[in-house]
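For reference, the structure discussed in these notes is given below.
For ligands, and for the atoms within them, numbers begin at 1 and follow the listed sequence. Just so you know, residue 1 is the first one in the sequence shown, and it goes up from there.
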Amino acid sequence: MAVAAADPWRSLSDGDREQAQGPRRTDGRDCKRLLTPLERALRERIRSDGPITLEAYMEACNAYYYATRDPLGASGDFTTAPEISQMFGELVGACLADCWTRAGRPGKAIYAELGPGRGTLAADALRTMRMAGLEPPVHLVETSPVLREAQAQAVPGAIWHDSIDDLPQAPLTVVANEFFDALPVRQFVDGVERRVSVAAGGLAFDRDGQVVEQSPARAEAAAALSGSIATNGGVALVIDYGHAKSAPGETLQALHGHKFAAVLDRPGEQDLTAHVDFEALAEAARSAGAKASPVVTQGLWLERLGIAARAASLARRHPDRTEEIAASHRRLCDPQEMGSLFKVMAIHAPEWPRPEGFE
Ligand code: SAH
């Protein structure tokens, strides 16, 4: 696929994944290779306690992975929308500021971001929020020490938290881009939870078949965020790749060096994500007392917010970058690229208006 060859992000179809990984292997691997430090620890844990759930595996892998590197960009494993173009963060900031304005400009509002990566999205969003008269304190929910350092460079004065529960009790303007996809999923085959065991040459799944995924970790995060929004006021934009309606199927995938890999290979050294079930997030948000918007595609949402006008104005100011700006616009919005696989949903307090771009 042309897009994958250029620079895959976490967004290809099942067919592409199969092609990249080859047939699924649930048996042991025979390749002689060095174990990663995490794989050694996991093998010991499984030998002493028995097979671990896929959810525990994904959680352990991602905690190790993010704690030990900056995975973004050309030298890393994947690229995200804010790293493609400043237009993405600018439109997120404009959307949040507009919603805050229509909510009556509550004085103590803060900007919060979940999993802010390099801080690029925050810096771009805060710039446009400032132009709308909103200069909020910045609170970042981030567990990785490496990424916290990058965020400190991009967003001076930010305050960090390990968890959503630690955010201040204040009206929130929040964005979470590619945060929920990194939270662990459970997988079930014929109603039985899938586990990871030790096999001859590596790790292996204990069962195979038609998979159903669920993510209590995501529902919990969405409920914590929505509970705070319902109580204190606020709005959150959740942007991720995934589906608007719950459906069975396996979506867990691994990326290593911008290529798909097998999910049990190189534990802790590759990016593990699964598609986000927006219906489940919306349900968690509503149960916590907040409102959830319809789910729209990223391409449609950015076009409705005026990305074409923003691209034209940027190109006028930087004529030498006209082609690059047009290419970023296409990457973010084209249905063949990030435009339709990525979705956007807003969660907002009942007394706050629905943000722009959702109808
Ligand atoms: N939003 C950024 C980065 C996406 S990568 C962007 O769009 O570029 C996922 C981000 O979530 C990273 O910053 C990672 O460190 C963070 N993250 C992953 N799991 C987390 C967890 N359980 N708690 C807090 N942050 C987490």
Give the C-alpha distance, both sets of side-chain angles, the deciding distance and a yes or no for side chain to side chain contact (heavy atoms under 4.5 Å, CB included) between Asp240 and Thr273. CA-CA 11 Å; Asp240 224 309; Thr273 59; over 6 Å; no
Parallel, tilted or perpendicular: which one describes the rings of His139 and His161, with boundaries at 30° and 60°? parallel
For residues 346-354, tabulate all N or O donor-acceptor pairs below 3.5 Å that involve a side-chain atom, not counting sequence neighbours.
from	atom 1	to	atom 2	distance (Å)
His348	ND1	Trp352	O	2.9
Arg354	NH1	Glu359	OE1	3.0

Working to the nearest 0.5 angstrom, can you tell me the gap between Leu264 CG and Phe205 CZ?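 Going from CG on Leu264 over to CZ on Phe205, the span is 4.0 Å.
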Test Glu90 against Met131 for side chain to side chain contact (heavy atoms under 4.5 Å, CB included), laying out the working first. CA-CA 11 Å; Glu90 288 170 347; Met131 295 190 311; over 6 Å; no
Can [X] be said to touch ligand 1, with heavy atoms closer than 4.0 Å?
X      : value
Asp181 : no
Asn62  : no
Leu121 : no

For Ser313 and Arg316, does a side-chain donor sit closer than 3.5 Å to a side-chain acceptor?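 Distance-only check fails for Ser313 and Arg316.
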Less than 3.5 Å apart, any donor N or O on the side chain of Gln169 or Asn232 sitting next to an acceptor on the other? yes
Measure Asn177 to ligand 1 on non-hydrogen atoms and call it side chain, backbone, both or neither using the 4.0 Å cut-off. both
Answer side chain, backbone, both or neither: which part of Thr80 comes under 4.0 Å from ligand 1, heavy atoms only. side chain
Mind checking salt bridge (charged side-chain N to carboxylate O under 4.0 Å, His left out) for Glu44 and listing every partner two or more places apart, or none if nothing turns up?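 Testing Glu44 for salt bridge (charged side-chain N to carboxylate O under 4.0 Å, His left out), a comparison that skips the adjacent residues, returns none.
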Of all the atoms in ligand 1, which lie at a distance below 4.0 Å from a heavy atom belonging to [X]?
X      : answer
Thr143 : 20 (C), 21 (C), 23 (N), 24 (C), 25 (N), 26 (C)
Ser144 : 15 (O)
Leu183 : 22 (N)
Gly117 : 2 (C), 3 (C), 13 (O)
Pro82  : 6 (C), 7 (O), 8 (O)

I'd like to check whether Phe179 has a polar contact with ligand 1, where a contact means an N/O of the residue lying under 3.5 Å from an N/O of the ligand.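 No; the residue has no nitrogen or oxygen that sits under 3.5 Å from a nitrogen or oxygen of the ligand.
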Does any N or O atom in Glu142 lie less than 3.5 angstrom from one in ligand 1, N or O only?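 For ligand 1, there is an N or O atom that lies under 3.5 Å from one belonging to Glu142.
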